[in-house]
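Just the heavy atoms: all of them, side chains too, but no hydrogens, waters or symmetry mates, feed the values below. Residue numbering restarts at 1 for every chain, and letters A, B, ... go by the order of the sequence lines.
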Protein chains: 2
Amino acid sequence: MLPKKEIATHKLTIYDVAKEANVGVGTVSRVLNNHPSVAPETRKRVKDVAERLNYQPHTYAQRLAKRQSETLSAIIPFFTNYFFIEILQGVQDRISQLGYDLVLYGVNNIDQVEGYVSRALQRGRVDGILLFSMKIPEKVIVRLQETNVPVVLVDTVSPHFDSISVANVDGAYAATTHLIELGRRPVGMVNAQLVSAPAIERLQGYKHALEIHGISFSEDLVKTGCTMKQDGFNREAGYEAMSDFIKMGPEMPKAFFVSSDIQAMGAIAALSENEMRVPDDISIVGFDDIELARHLKLTTMRQPMYQMGILAVDRMVARMSNPDLEILHTTFSPTLIVRESCGALRNSDGLVTAKSKLR
Amino acid sequence: MLPKKEIATHKLTIYDVAKEANVGVGTVSRVLNNHPSVAPETRKRVKDVAERLNYQPHTYAQRLAKRQSETLSAIIPFFTNYFFIEILQGVQDRISQLGYDLVLYGVNNIDQVEGYVSRALQRGRVDGILLFSMKIPEKVIVRLQETNVPVVLVDTVSPHFDSISVANVDGAYAATTHLIELGRRPVGMVNAQLVSAPAIERLQGYKHALEIHGISFSEDLVKTGCTMKQDGFNREAGYEAMSDFIKMGPEMPKAFFVSSDIQAMGAIAALSENEMRVPDDISIVGFDDIELARHLKLTTMRQPMYQMGILAVDRMVARMSNPDLEILHTTFSPTLIVRESCGALRNSDGLVTAKSKLR
DNA sequence: TCCTTCTTTGGAAGCACTTCCAGGCTAAAT
DNA sequence: ATTTAGCCTGGAAGTGCTTCCAAAGAAGGA
């Protein structure tokens, strides 16, 4: 038998503190909220009493009276895993610095989004909503707009809301250019499903890079696996796409821009099963720079994920304090992280050069 | 200039609904909370009105009046990444099935725990606390006990609280046994820092397996990398440990039990840099079965992470409704997932056999 | 000394619910 | 017909804060 707990956690209210400190409840409240118009000595006395009694204001009574919840909700697609988790860290860190709470809704398939949005929209529940990497159903957009709750989008864009994202076309352009300058040709692309905005934009960047370098684009050199989950941003799809390329035989590209690191992982696996080595035989550059990429020594386009999380919260705060702000789209430029998967070397000047150029 | 929003989101309260439906507020409340004693027709009328007006009860007023928050908080070490995220999915899914909210506190270093616990402990804020994979400072334990808030531990154990965890020694035993039966000897171990309970227990299981098979234990055959972060459950530590083993030259073990998949990843990298292949030259079995393990074709001990999350919430619910429950420790047995990293083959009977035995 | 202004304070009136209590009805029982 | 029991219902009294308003007192100015 467990011994019954003695500590009754006597519920003490602001009235108890007020009585004990010989002041009114208003004064106690003012002290606790750092309102300036309290005499220093009174302030001290109240503080001492509150501390001695170990008084904790009741969270929800405060929120009700203050008419704000001091909480933000994040609706994230759980399935994006490696990517979102890093952004989430930034979000959570910043939110807790602000003394806010983060309530998390993880969606496993897109149909859940509406339900969670409804929930988050319940009167008073949250002060703002962060929506991660997903295309938002029109229906949901409408509801969000009707209620006037601050929304910021992360890794998606919509004309109706603030957003934090990454310059996909620039990134793809840079990645492809890197490959082109390495001299390995032709340069192919492993892409995700074209239903997703990032996939479309990254393809655009790829094409643009070819164009700039006077290389004509060929449909045959970009492939997408057919595993649909996560819009094709998954390992299997990368594996499938690369397997398709391998069937081309000697015609196959010698360098690939892959639209995400996780796909690159699959692609590399397919390659190695066919006795082709990276970077010896094939060059690869990925996108995202998830933690894995470092492990794989994958050259990739880094998205500043943690930073994006921080910024998303900051933007949210800004919008909360001034709802009439113009809608702002913040775009990060991904940076090229050169590791070993494409055969580039850092020479003594610290400059990036291509092996193929050196011979 | 943005057009000013017209929709004033008129704040309607339960009184408005009551007036419109021609009933008292008590009745409205009863309808909305599915209290039985309401006449069916009244119920319908109120429901219709509420729907027509699109009435949303105010979350915090409810919580204040009901004296419960319908939210749980999870304090997770962000740095455990791949592992916790899968548990978190289970937790979140179940919590939202219950109509509860999940507030997330991510700790990046152990010192933050106390602060987050204090926050979670604030009067009324949450109905229960889930603590993930960390040894809890004594100080915190005391506070937790004083307040009488339900706590359930996930992937840690303490005599004072319910817990959901995995039978580390059994798992390590099974993994090591698998390796031993494969016939590759000697069998070494790459472990994490012995400050962490799982590391200690997994070592125990490893020793036990040796003992059972009449193999004497040697200190030299278990190594730990010195990268301390995450208590050594990280890729670098695995890499370092394996590099140390490699220095042993021909004496080095031919098979390894590695205390986590992520370390196994590092270990494999070290091996491949030294021209040793898995499983051709060296056998490896990991622990956890994170998503990555599948990618790596790593034989490993699976922890049912999602299930653990579900169960943690269920236990929480049970304890919330009956605080006098005896403390319960739920332990899952990890199961051996045979993939390709140890050279075991499935023969036609579906049985697992070792290559080395076959020759 | 008297008036004005500023600081500090107490406490009532919200905030938006839930819940308990008492009373009005109806229907069953005597 | 009268009592009893039970179902519905309205609304007052919480729930524990914040904030506004009025007022008391102190300080400064004339």
Side-chain angles (χ1 to χ4, degrees), chain A residues 9-47 49-50 53-71 99 101 121-127 147, chain B residues 9-47 49-50 53-71 99 101 119 121-127:
Chain A
T9 317
H10 201 77
K11 286 193 250 176
L12 74 173
T13 70
I14 199 169
Y15 287 90
D16 301 311
V17 179
K19 194 176 298 169
E20 185 75 15
N22 246 298
V23 295
V25 293
T27 303
V28 177
S29 176
R30 266 166 298 221
V31 170
L32 267 24
N33 290 291
N34 287 318
H35 192 289
S37 66
V38 179
E41 39 169 321
T42 312
R43 180 181 301 276
K44 175 161 176 21
R45 182 154 38 95
V46 172
K47 265 195 169 142
V49 171
L53 264 35
N54 190 21
Y55 167 72
Q56 303 265 48
H58 187 111
T59 318
Y60 298 119
Q62 286 185 306
R63 291 182 180 180
L64 180 58
K66 278 198 192 144
R67 252 142 302 192
Q68 58 153 316
S69 67
E70 299 190 326
T71 111
D101 275 346
L121 249 28
Q122 170 150 170
R123 289 262 311 297
R125 187 184 293 266
V126 304
D127 293 341
T147 54
Chain B
T9 317
H10 201 78
K11 286 194 249 176
L12 75 174
T13 71
I14 200 168
Y15 287 90
D16 300 312
V17 179
K19 195 177 298 170
E20 185 74 13
N22 245 298
V23 295
V25 293
T27 303
V28 177
S29 176
R30 261 160 283 186
V31 170
L32 267 24
N33 290 290
N34 287 317
H35 192 287
S37 67
V38 179
E41 38 170 321
T42 312
R43 180 180 301 276
K44 176 160 176 20
R45 183 154 39 95
V46 172
K47 263 193 171 145
V49 171
L53 264 38
N54 190 20
Y55 167 71
Q56 303 264 48
H58 187 111
T59 317
Y60 298 119
Q62 287 184 305
R63 291 181 179 179
L64 179 58
K66 279 200 193 143
R67 253 143 300 187
Q68 58 154 318
S69 67
E70 300 191 325
T71 111
D101 274 348
R119 191 172 169 82
L121 249 27
Q122 172 151 167
R123 286 263 310 299
R125 187 184 293 265
V126 302
D127 293 339

Trainee: To the nearest 0.5 Å, what is the distance between CG (B:Leu64) and CZ (B:Arg67)?
Mentor: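 Output value for this atom pair is 8.0 Å.
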Trainee: Is there a residue in residues 27-34 of chain B whose heavy atoms reach under 4.0 Å of DNA chain C, and which residues are they?
Mentor: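 Contacts with DNA chain C under 4.0 Å: B:Ser29, B:Arg30, B:Asn33.
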Trainee: Please determine whether a side-chain nitrogen or oxygen atom of B:Gln62 lies at a distance below 4.0 Å from atom OP1 or OP2 of C:dA16.
Mentor: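 B:Gln62 to C:dA16 OP1/OP2: no side-chain N or O under 4.0 Å.
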Trainee: What's the shortest heavy-atom distance between B:Gln122 and A:Thr59, and which atoms?
Mentor: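 Nearest heavy atoms, B:Gln122 then A:Thr59: CG-OG1, 3.3 Å.
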Trainee: Phosphate oxygens OP1/OP2 of D:dG10: is one of them under 4.0 Å from a side-chain N or O of B:Tyr15?
Mentor: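 The answer is no; no side-chain N or O of B:Tyr15 sits under 4.0 Å from OP1 or OP2.
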Trainee: Sort me out a list of protein N/O and nucleotides 25-27 of chain C N/O pairs below 3.5 Å, or just none if empty.
Mentor:
none

Trainee: Let me know which of B:Arg45, B:Lys47, B:Lys44 forms a side-chain contact (heavy atoms from CB on, under 4.5 Å) with B:Val31.
Mentor: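 Exactly one pass, corresponding to B:Lys47.
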Trainee: Just compare C:dA12, C:dA16, D:dC8 and give me whichever is closest to any side-chain atom of B:Ala39.
Mentor: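 Nearest listed nucleotide: D:dC8.
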Trainee: Residues in side chain to side chain contact (heavy atoms under 4.5 Å, CB included) with A:Thr71, at least two apart?
Mentor: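 With sequence neighbours excluded, A:Thr71 shows a side chain to side chain contact (heavy atoms under 4.5 Å, CB included) to A:Arg63, A:Ser69, A:Asp101, A:Val103, A:Val126, B:Tyr60, given in chain and number order.
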Trainee: To the nearest 10 degrees, how far apart in direction are the end axes of the helix from C:dT1-D:dA30 to C:dT30-D:dA1, each fit to five base pairs?
Mentor: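 Taking five pairs per end, the axes differ by 50°.
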Trainee: Output the rounded distance in Å from CD (A:Gln56) to P (D:dT15).
Mentor: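 Going from A:Gln56 (CD) to D:dT15 (P), I get 19 Å.
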Trainee: Using modelled atom types only, decide if a donor and an acceptor are shared between the side chain of B:Arg30 and the backbone of B:Arg43 within a distance under 3.5 Å.
Mentor: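 A pair under 3.5 Å: no.
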Trainee: What heavy-atom pair brings A:Thr13 and A:Asp16 nearest, and what distance separates the two atoms?
Mentor: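 That closest heavy-atom pairing would be N-OD2, 2.7 Å.
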Trainee: Taking OP1 and OP2 of C:dT9, is either one under 4.0 Å from a side-chain nitrogen or oxygen of A:Thr42?
Mentor: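 For A:Thr42, the contact criterion (side-chain N or O under 4.0 Å from OP1 or OP2 of C:dT9) is met.
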Trainee: From A:Thr147 OG1 over to A:Arg123 CZ, what is the distance, rounded to the nearest 0.5 angstrom?
Mentor: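 Answer for the OG1-CZ pair, A:Thr147 versus A:Arg123, is 12.0 Å.
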Trainee: Give the rounded distance in Å between these two atoms: OH of B:Tyr55 and P of C:dA16.
Mentor: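 Rounded to whole Å, this separation is 10 Å.
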Trainee: For nucleotides 22-28 of chain D, give me one character per nucleotide, 5' to 3': B if any protein heavy atom sits under 4.0 Å from the base, S if the only such contacts are to the sugar-phosphate, - if neither.
Mentor: -------
Trainee: Determine the minimum heavy-atom distance between B:Asp127 and B:Glu70, stating which atoms define it.
Mentor: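 Where B:Asp127 meets B:Glu70 most closely, the heavy atoms are OD2-N, 2.8 Å.
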Trainee: Over how many whole Å does the gap from B:Arg123 atom CZ to D:dG16 atom P extend?
Mentor: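 Going from B:Arg123 (CZ) to D:dG16 (P), I get 6 Å.
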Trainee: Tell me the interatomic distance from B:Leu64, atom CG, to D:dG14, atom P, rounded to whole angstroms.
Mentor: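 These atoms are roughly 14 Å apart.
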Trainee: To the nearest angstrom, how far is A:Ile14 atom CD1 from D:dT19 atom P?
Mentor: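 In whole Å, D:dT19 P lies 11 Å from A:Ile14 CD1.
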Trainee: With nearest nucleotide decided by heavy atoms, which residue, B:Ala61 or B:Gly24, maps closer to the 5′ end of DNA chain D?
Mentor: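 In this pair, the answer is B:Gly24.
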Trainee: Using a 3.5 Å cut-off and no angle test, enumerate the donor-acceptor pairs between side-chain atoms of residues 19-27 of chain B and protein atoms at least two apart in sequence or in another chain.
Mentor:
| from | atom 1 | to | atom 2 | distance (Å) |
| --- | --- | --- | --- | --- |
| B:Glu20 | OE2 | B:Arg52 | NH2 | 3.2 |

Trainee: Need one value for B:Ser37: base, sugar-phosphate or nothing, where a base atom within 4.0 Å counts as base even if backbone is also close, heavy atoms only.
Mentor: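 Result for B:Ser37 = base.
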Trainee: Can you tell me how far apart CD (B:Gln62) and CD (B:Gln68) are? Round to the nearest 0.5 Å.
Mentor: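 B:Gln62 CD to B:Gln68 CD: 10.0 Å, rounded to 0.5 Å.
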Trainee: What is the distance, to the nearest angstrom, from the NE2 atom on B:His58 to the C1' atom on D:dT15?
Mentor: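 The distance from NE2 of B:His58 to C1' of D:dT15 comes to 13 Å, rounded to the nearest Å.
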Trainee: Expressed as a whole number of angstroms, how long is the span from A:Gln122:CD to C:dA16:P?
Mentor: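 So the two atoms are 13 Å apart, to the nearest Å.
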Trainee: If you look at every heavy atom in A:Val17 and A:Tyr55, which pair is closest and at what distance?
Mentor: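 Nearest pair, atom of A:Val17 first, then A:Tyr55: CG2-CG, 3.6 Å.
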Trainee: Separation of A:His35 atom NE2 from C:dT7 atom P, in whole Å?
Mentor: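 About 12 Å, once rounded to whole Å.
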Trainee: B:Pro57 has a side chain; which of D:dT15, C:dC17, D:dC8 sits nearest to it?
Mentor: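 Of D:dT15, C:dC17, D:dC8, C:dC17 is nearest to the side chain of B:Pro57.
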